[in-house]
Amino acid sequence: MNEKLLKPYNPKETEERIYKLWEDSGFFNPDVCIKKGVTEADAEHFSIVLPPPNVTGNLHTGHALMLVIQDIMIRQARMQGKKTLWLPGTDHAAIATQSKVEKLLEKEGIRKNDLGREEFLKRVEKFAKESHDTIINQCKKMGATLDWSREAFTLDEARNLAVKTAFKKMYDDGLIYRGHRIVNWDPKGQTVISDDETIYEERKGKFYTFKYGPFEIGTARPETKFGDKYVVMHPDDKRYKKWDHGDKLTVEWINGPIEATIIKDKIIDMEFGTGVMTITPWHSHEDFQLAEKYKLYKEQIIDKFGKLLPIAQEFSGMKITEAREKIVEKLKNKGLLVSVDENYTNRVATAERTGGMIEPQIMLQWFVDVNKKIPARGNKSLKELMLEPVREGKIKIIPNHFEKVYFNWIENLRDWCISRQIWYGHRIPVWYKKKETGKKMGFAGDIVNQVLDTKTKTYRLRDHNLSVGDEIAFEDSSAGNIFGYGKITKIEQTIVGKIDLEDKKHWRTYEKTEDLIKAFKRHHPDKEVDESTPVWIYTYEFTSPIHCGIEAPKDEDWTQDEDTLDTWFSSGLWTFSTLGWPNKTKDLETYHPTSVLETGHDILFFWIARMILMSQYLLGEIPFKNVYLHGMVRTSDGKKMSKSLGEKAIDPLDIVAKYGNDALRMAMVVGNTPGNDLKLNENDIRGYGKFTNKIWNASRFVLEQTKDVAVFNPKNYDAEDRKSEDELKNLIKEVTKEMNEYRFSIVSEKLYHYFWHTFADIIIERSKKKILEDKNALSAKTLLHRHLNILLRTLHPFVPFVTEEVWSMIPDYKSLLMVEKWPND
RNA sequence: GCGCGAUUAGCUCAGUUGGUAGAGCAGGAUGUUUACACCAUCAAGGUCGUAGGUUCGAGUCCUACAUCGCGCACCA
């Protein structure tokens, strides 16, 4: 009898030692399992890629939950003799990590611009490295049997190659384009973010009603209203019957009279306010769409820092928050203020990571076109490629009601903005040619912005001293980098007043010559411009101005795009970039598509959808067969568990230290069904700690009672014991089936219950009598031994530490329990 | 506004083809026998959110409603 068994089970003493045993065995690596004869070389595969934790700090309970569920699946698969790979990694989490480091630097009084890109990145990388090490250590403490030899990082060299390869392919297929679209600008983080990274918050604000000519219009944001020159109403609204679409009228507005145009569109809700609104296309998604529809003039009012531009005249340079009341004051003094509703609740968009208020802006950014048909993929769009496998059941989402949510999201999907104005991340693999001529162009602001677009191939420019055949460069006025090259094919000289504004393809932003003159003046404040000012119109042909590739162009005068990619771009490649793609590796061939993707339902869109997109498009196959979505871990009072909750939050590692890993695992699995949130409280965990000790004590009894028996042959069973063994076999059969259906809650509960209330309470108690009275003692002992053996194997995925430790004390111990066979007879 | 989920014992939750409700924790009583007080034995605890419907039979299927939570859209 092992000395240790005489004392109560001590998880603290056991767990670290056991994990080392497992790790040293090499069995986390399927290749080793094959080499050592544990797995057949031609066995079916079972693979999971670990959702890579962000390198922003520590593991939390959500991570613990995913590690537990995945480890259970992996351990069972390994015991079933499958070629089992669980591939670990971490995520650089671009914005999240960068903003975290910025905050840390702030405490030292340092700003990222003081350091410069290179130095700042060094700091981020140092932080990321430290976080990474902590996280990996914590994963090991959680008992995760991850194959560390294959560890990946979303920003390492191999993954960078995958990202660049994917980008280039999409670029070449015309799926990635650069253009001016309305995007979510985060003035605090100074970057664009995707629709999914915005969070709506309810805020109390004021709702103003102003007189706008004969109309009354409502707004919560008077500071954006300077340029409003379109007034929109519903075509069926009887109140405004006398106005027709396209009618023009002069109204007195903030800075004097302006000419307004009537737009009639069904987008208007007649019930809301007065049923009339004015629009600000540059700073509102909906207004932008309306402006696109009717080819309306768009004008920027607010700059990248949330300050008003010169169009605001006396308010120019003011922060919008500060200007708001002053503008209202001015309108009030002009007699244009009708009313103020003080109890208006407005939903404002904020940035998920920085908390900054989102300001929609029209900006030059990179996008993934989700609607373009792809000839190489059966003329389907990315949207269709995402929908199809789920609709056809090739990918199953558990629980399946999330499939509806998934479809709904995809149907409403807009082009995915993938460029970010941050430093930490995959640099966009695009280079622009550096040339002096680019500066001479100097064509700034919305005039250029509206004309230039990499999606179309010819462009017209004016106001430059160039001749036919000249190569010229385009400069992005906001970022200051050159983004394109071309050749002049035609030059026409004319005067401002004669510019053909009907040519909507090229001059769609200008309704009237006056608008053009105003724009001219704004961009060239030093020049006198009027209708008779001579201008040149250059017809320009795009040559090959942009280099998109894996490597930078050889010659020197190329400069790389400053932006980095949305972190989810690299995460989307995760199921195959980790297996060696774009190289044709054996791993890729063996383990892809992966078997299961297990993660929280909160990243269904962020991540799962994008993995399906990338895999379907780049590989022409699904990334995984099943998606298992677990719920959010909450505190006992229902709050989402996070560090900010302080005491209420449970640190998984504290719990492990206190009650043992096995206890935490059971608490996370029993009663936790997919998709439903898990309320975790310490009491439950303590309860399952008792269970591990129960296993320990029962094992002690069995091992003590059976040590004098050499052979445990079922032939020795009496009728009662034979029946018990049959019952157990039935249970195992049931449980095996339920494991395949991912019903871990049921399985863990059944095993718990069987072990305690059948094996311990009935079988062990019964055996005592038989052994004591020496009546059918051999039968009893055989049953005890076989039961323990089978139960340890079945329980192992759920409570691996205590079962492994007990297993090692069985006299005929041969190998680690983790590679023993899952009972199947 | 649209959609999804939840509502079952004091608490946390299971309950898969519809067949007379199940765990854990907490609380109560008793007890120490070849493992285990991180224990055992016993008892108590539920008109399964409400109202209808389908059915021989409904926690389970259908309809409506209520409350809570979540997602999406709108919000001029």
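Quick caveat, the model's predicted, so the values are computed rather than measured. The chains referred to below are lettered A, B, ... by the order of the sequence lines, with proteins before strands, and numbering in each begins at 1.
- Using modelled atom types, one finds no donor on one side chain facing an acceptor on the other under 3.5 Å when comparing A/N184 with A/T198.
- Spacing between atom CD1 of A/I762 and atom P of B/A40 amounts to 13 Å, rounded to whole angstrom units.
- The residue among A/K225 and A/P8 whose nearest nucleotide of RNA chain B lies closer to the 5′ end is A/P8.
- For the pair A/K690 and A/Y659, the cation does not sit on the ring face, since its NZ or CZ is not both under 6.0 Å from the ring centre and inside 45° of the axis.
- Among the protein residues, A/T673 comes within range of the sugar-phosphate backbone only, with heavy atoms under 4.0 Å from sugar or phosphate atoms but none that close to a base.
- Remark: P of B/C13 and CG of A/N683 are 14 Å apart, rounded to the nearest angstrom.
- The CZ-P distance, from A/F402 to B/A6, rounds to 10 Å in whole Å.
- Applying the side chain to side chain donor-acceptor pair (under 3.5 Å) criterion to A/E13, with sequence neighbours excluded, gives A/R17.
- Nucleic acid contact class of A/G689 (heavy atoms, under 4.0 Å, all strands): base.
- Counting distance only, with no hydrogens placed and no angle test, the side-chain atoms of A/K694 and the base atoms of B/C36 include a donor-acceptor pair under 3.5 Å.
- Looking at RNA chain B, the stems built from 3 or more consecutive Watson-Crick or G-U wobble pairs, each pair with its key distances under 3.5 Å, are B:1-7 with B:66-72, B:10-13 with B:22-25, B:28-31 with B:39-42, B:49-53 with B:61-65.
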Dump the pairs, protein N or O against N or O of nucleotides 66-75 of chain B, anything under 3.5 Å, distances to one decimal.
from  : atom 1 : to     : atom 2 : distance (Å)
B/A73 : N6     : A/R347 : NH1    : 2.7
B/C74 : OP1    : A/E286 : OE2    : 2.9
B/C74 : N4     : A/R347 : NE     : 3.3
B/C74 : N4     : A/R347 : NH1    : 2.1
B/C75 : OP2    : A/E286 : OE1    : 3.3
B/C75 : O2'    : A/Y344 : OH     : 2.7

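- Contact annotation for A/I268: base contact, defined as any heavy-atom pair under 4.0 Å involving a base atom.
- Remark: P of B/A40 and CD of A/E765 are 9 Å apart, rounded to the nearest angstrom.
- Checked by atom type, the side-chain pair A/W409/A/D196 shows a donor-acceptor distance below 3.5 Å.
- For the residue pair A/N626/A/Y742, the side-chain donor-acceptor check at 3.5 Å is satisfied.
- Take A/Y406 and apply the side chain to side chain donor-acceptor pair (under 3.5 Å) test, not counting sequence neighbours, and it matches no residue.
- One P atom belongs to B/C75, the other to B/C13, and the distance between them is 37 Å to the nearest Å.
- Going from the P atom of B/C42 to that of B/G24 covers 13 Å, rounded to whole Å.
- In the interface, the side chain of A/Q705 is paired with the base of B/U34 through a donor and an acceptor atom under 3.5 Å apart.
- Regarding A/K679, its NZ atom lies at a distance of 19 Å from the P atom of B/A26, rounded to whole Å.
- Taking atom CG of residue A/L680 and atom C1' of nucleotide B/U12, one finds them 11 Å apart after rounding to whole Å.
- For A/Y752 and B/A14, the OH to C1' distance is 14 Å, given to the nearest whole Å.
- Taking the P atoms as reference points, B/C61 lies 11 Å from B/G19, given to the whole Å.
- Among the protein residues, A/L772 comes within range of the nucleic acid bases, having at least one heavy atom under 4.0 Å from a base atom.
- With salt bridges taken as basic N to acidic carboxylate O contacts below 4.0 Å, none links A/E325 and A/K332.
- Using the six-membered ring where Trp is involved, A/F744 and A/Y628 have ring planes that are tilted, between 30° and 60° apart.
- A/D684 places its CG atom 13 Å from the P atom of B/A14, with the value rounded to the nearest Å.
- Candidate nucleotides B/A14, B/C4, B/A35 were compared by shortest atom distance to the side chain of A/K768, and B/A35 ranks first.
- In terms of phosphate contacts, A/W756 brings a side-chain nitrogen or oxygen within less than 4.0 Å of OP1 or OP2 of B/A40.
- Taking atom P on both nucleotides, B/U8 is separated from B/A51 by 15 Å, rounded to a whole Å.
- For the residue pair A/S779 / A/D721, a side-chain donor-acceptor distance below 3.5 Å is found, with atom types taken as modelled.
- Across the C1' atoms, B/A26 and B/A64 are found 38 Å apart, a figure rounded to whole Å.
- With sequence neighbours left out, the side chain to side chain contact (heavy atoms under 4.5 Å, CB included) criterion links A/I268 to A/V232, A/H234, A/M277.
- Among the protein residues, A/H234 comes within range of no part of the nucleic acid, since none of its heavy atoms lies under 4.0 Å from any strand.
- When the C1' atom is compared between B/A21 and B/A58, the two are found 12 Å apart, to the nearest whole Å.
- When distances run from any side-chain atom of A/N676 to the nucleotides B/U12, B/A40, B/A14, the shortest one goes to B/A14.
- Annotation: B/C2 and B/U63 have their P atoms spaced 16 Å apart (nearest Å).
- The side-chain hydrogen bond (donor to acceptor under 3.5 Å, both in side chains) test with A/N789 is passed by exactly one of A/R793, A/H785, A/H787: A/R793.
- At a threshold of 4.0 angstrom between heavy atoms, the contacts of A/K404 are confined to the sugar-phosphate backbone, with no base atom among them.
- Distance check on atom C1': B/U17 versus B/A23 gives 24 Å, rounded to whole Å.
- Across all strands, A/I771 comes closer than 4.0 Å to base atoms (heavy-atom distances).
- Applying the salt bridge (charged side-chain N to carboxylate O under 4.0 Å, His left out) test to every pair with at least one member in residues 396-414 of chain A, sequence neighbours left out, gives these pairs: A/D195-A/R414, A/R391-A/E411.
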